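The structure appears below as structure tokens.
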Amino acid sequence: MEEYLTITHLKKQFNDVQVLKDISLTVRKGEVVSIIGPSGSGKSTLLRCATFLETLSGGSIAYMGEVAAQTTEAGKVVYAPKKQFQQIQKYFGLVFQNFNLFPHYSVMKNIVEPQRLLLKRSKQEAEEVAIRLLKKVGLEQKTAAYPCELSGGQQQRVAIVRALALSPSILFFDEPTSALDPELTGEILEVIRLLAEDHMTMVIVTHEMRFAQAVSDRVIFMADGMIIEEGTPDEIFVHPKKERTQQFLNNYAD
């Protein structure tokens with residue numbers, strides 16, 4: 001299966017603190033990969049490095065076989081030339097835990113503007129894409145609404161549509177339900193489940209264990225800035241090999 005994302009020996013340091021220690025992973029076409037682990041284990045930092053919101057301290061990242069960042073023999077991280085880098089950035093989308101919608105834009109404008117800016121789509125084409133995707137998440141009636149007029153679950157669904165409208169090959173979710181109450185969490189998990197059924201390639205940082213177990217092809221357990229264990233949902237949740245994984249899951253079961 002085609003590798004959509006390849007991370008090799010990724011390191012991230014903030015001052016003297018090593019937050020990510022030698023992380024290597026691949027995500028293949030159509031795979032849903034969930035990343036679980038205790039707070040402070042480096043899950044969100046890994047996502048921020050993978051989407052270039054943070055600079056790397058070492059290692060390499062490639063999308064669709066194109067190297068976006070790599071470390072030279074001298075230990076310096078170099079990024080792809082500007083034009084190529086901008087192209088690589090179009091391969092992925094990111095949904096944040098706090099929605100990050102523009103408050104002064106309507107739902108439609110929130111979805112249309114990035115398409116026009118980044119993909120140079122016409123207004124009509126961008127609006128057609130927006131309507132099609134809003135229908136998919138049950139929000140086609142909300143095109144003229146502003147974020148403040150929507151529930152948290154609706155805002156997060158708009159954020160997902162905005163990311164999907166840019167036609168990414170791979171979609172990242174950083175704890176997409178952590179800002180929502182339990183009632184609204186279900187709405188978002190249902191949208192992600194539908195995307196999984198459509199074979200959308202996704203990497204999901206989540207603390208929703210049952211959901212990760214149900215929707216993932218592969219689960220990665222992180223602790224202390226390292227990947228401790230990875231495998232199928234069955235291997236991680238039912239038959240974990242490492243004591244640290246077992247310990248973490250026992251805390252969740254309580």
Side-chain angles (χ1 to χ4, degrees), residues 5 43-55 63 68 82-83 85-196 198 200-208:
L5 169 64
K43 306 183 300 291
S44 289
T45 304
L46 172 57
L47 236 60
R48 290 179 68 80
C49 286
T51 54
F52 311 114
L53 293 173
E54 296 285 356
T55 53
Y63 281 93
K82 189 178 175 185
K83 206 166 182 184
F85 189 73
Q86 286 172 338
Q87 185 54 46
I88 290 170
Q89 285 181 302
K90 291 179 185 173
Y91 291 143
F92 62 80
L94 175 60
V95 177
F96 299 88
Q97 48 186 301
N98 295 322
F99 328 132
N100 283 26
L101 298 173
F102 291 110
H104 55 294
Y105 282 3
S106 67
V107 164
M108 181 60 95
K109 196 169 181 184
N110 260 292
I111 300 163
V112 164
E113 286 304 301
Q115 295 180 67
R116 298 193 67 190
L117 189 69
L118 298 169
L119 303 183
K120 306 293 184 251
R121 283 181 182 153
S122 68
K123 186 166 186 258
Q124 187 187 344
E125 191 189 354
E127 286 180 353
E128 283 169 7
V129 170
I131 292 288
R132 176 171 57 79
L133 291 169
L134 284 169
K135 271 186 182 155
K136 210 168 184 173
V137 301
L139 289 177
E140 68 271 27
Q141 308 300 325
K142 297 288 185 184
T143 54
Y146 283 81
C148 64
E149 300 170 315
L150 304 176
S151 71
Q154 289 172 330
Q155 287 187 59
Q156 190 60 297
R157 279 186 278 163
V158 172
I160 292 170
V161 165
R162 179 180 59 184
L164 285 173
L166 296 173
S167 312
S169 298
I170 181 168
L171 197 50
F172 292 95
F173 291 87
D174 186 10
E175 305 229 355
T177 59
S178 68
L180 303 174
D181 63 43
E183 203 175 323
L184 299 174
T185 293
E187 287 180 26
I188 300 311
L189 299 183
E190 187 52 36
V191 171
I192 297 172
R193 192 176 281 115
L194 289 172
L195 292 174
D198 284 346
M200 179 80 204
T201 309
M202 293 184 280
V203 177
I204 308 164
V205 166
T206 183
H207 55 267
E208 300 283 342

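Numbers here simply count residues along the sequence, with the first being 1. Computed from a predicted model, the values in this text were never measured in an experiment.
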Review point. Only one of V203, V205, T206, I160 clears side-chain contact (heavy atoms from CB on, under 4.5 Å) with F173; which?
Key: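 Filter result, single survivor: I160.
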- Item | With L139, the side-chain contact (heavy atoms from CB on, under 4.5 Å) member among L150, V161, L134 |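 In the set L150, V161, L134, the residue that makes a side-chain contact (heavy atoms from CB on, under 4.5 Å) with L139 is L134.
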Return the minimal non-hydrogen interatomic distance between [X] and [Y], and the atom names on each side.
X    : Y    : result
S44  : D174 : OG-OD1, 2.8 Å
I111 : A130 : CG2-CB, 3.6 Å
G93  : P168 : N-CB, 3.5 Å
L180 : G152 : CD2-C, 3.3 Å

Reference residue Q115; test side chain to side chain donor-acceptor pair (under 3.5 Å); the match among R162, R121, E125: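 Checked R162, R121, E125 against Q115; only one passes side chain to side chain donor-acceptor pair (under 3.5 Å): R121.
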Look up atom [atom1] in [X] and atom [atom2] in [Y], then write down how far apart they are to the nearest 0.5 Å.
X    : Y    : atom1 : atom2 : value
M200 : L164 : CE    : CG    : 6.0 Å
E208 : L189 : CD    : CG    : 5.5 Å
Q89  : L166 : CD    : CG    : 12.0 Å
T143 : M108 : OG1   : CE    : 5.0 Å
S122 : R116 : OG    : CZ    : 7.5 Å
L94  : I170 : CG    : CD1   : 11.0 Å

**Prompt:** Looking at side-chain heavy atoms only, is the closest gap between P147 and V158 below 4.5 Å?
**Reply:**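 Not touching, per the 4.5 Å side-chain cut-off.
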Within the 4.5 Å heavy-atom criterion, are P176 and Q97 side-chain neighbours or not?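 Counting from C-beta outward, P176 and Q97 never come under 4.5 Å.
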- Between Y63 and F172, how do the two ring planes meet: parallel, tilted or perpendicular, split at 30° and 60°?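 Rings of Y63 and F172: perpendicular, as their planes differ by over 60°.
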**Report entry** Whether F102 and Y105 hold their rings parallel, tilted or perpendicular, with breakpoints at 30° and 60°
**Finding:**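 Rings of F102 and Y105: tilted, as their planes differ by 30° to 60°.
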* Any chance CZ of F85 has more than 12 other-residue heavy atoms, nucleotides or ligands included, within less than 6.0 Å? ->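 More than 12 heavy atoms, drawn from other residues, nucleotides or ligands, come within 6.0 Å of this atom.
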Sidechain-backbone polar pair: [X] side chain, [Y] backbone, donor-acceptor under 3.5 Å:
X    : Y    : answer
Q156 : G153 : no
E149 : Y146 : yes
N100 : F96  : no

Tell me, which pairs form a salt bridge (charged side-chain N to carboxylate O under 4.0 Å, His left out) where one or both residues lie in residues 133-148, sequence neighbours left out?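 Passing the test, one end in residues 133-148: K136-D198.
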Using the side-chain contact (heavy atoms from CB on, under 4.5 Å) rule, take I204 and I192 through it: C-alpha gap first, then chi angles, then the decisive distance, then the call.
CA-CA 9 Å; I204 308 164; I192 297 172; 3.6 Å; yes
### Query
Is there a donor in the side chain of S151 and an acceptor in the side chain of R157, or the other way round, less than 3.5 Å apart?
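No, no side-chain donor-acceptor pair sits under 3.5 Å.
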> Can R132 and E128 be counted as an ion pair, charged N to O under 4.0 angstrom?
Replying inline: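 Salt bridge: no.
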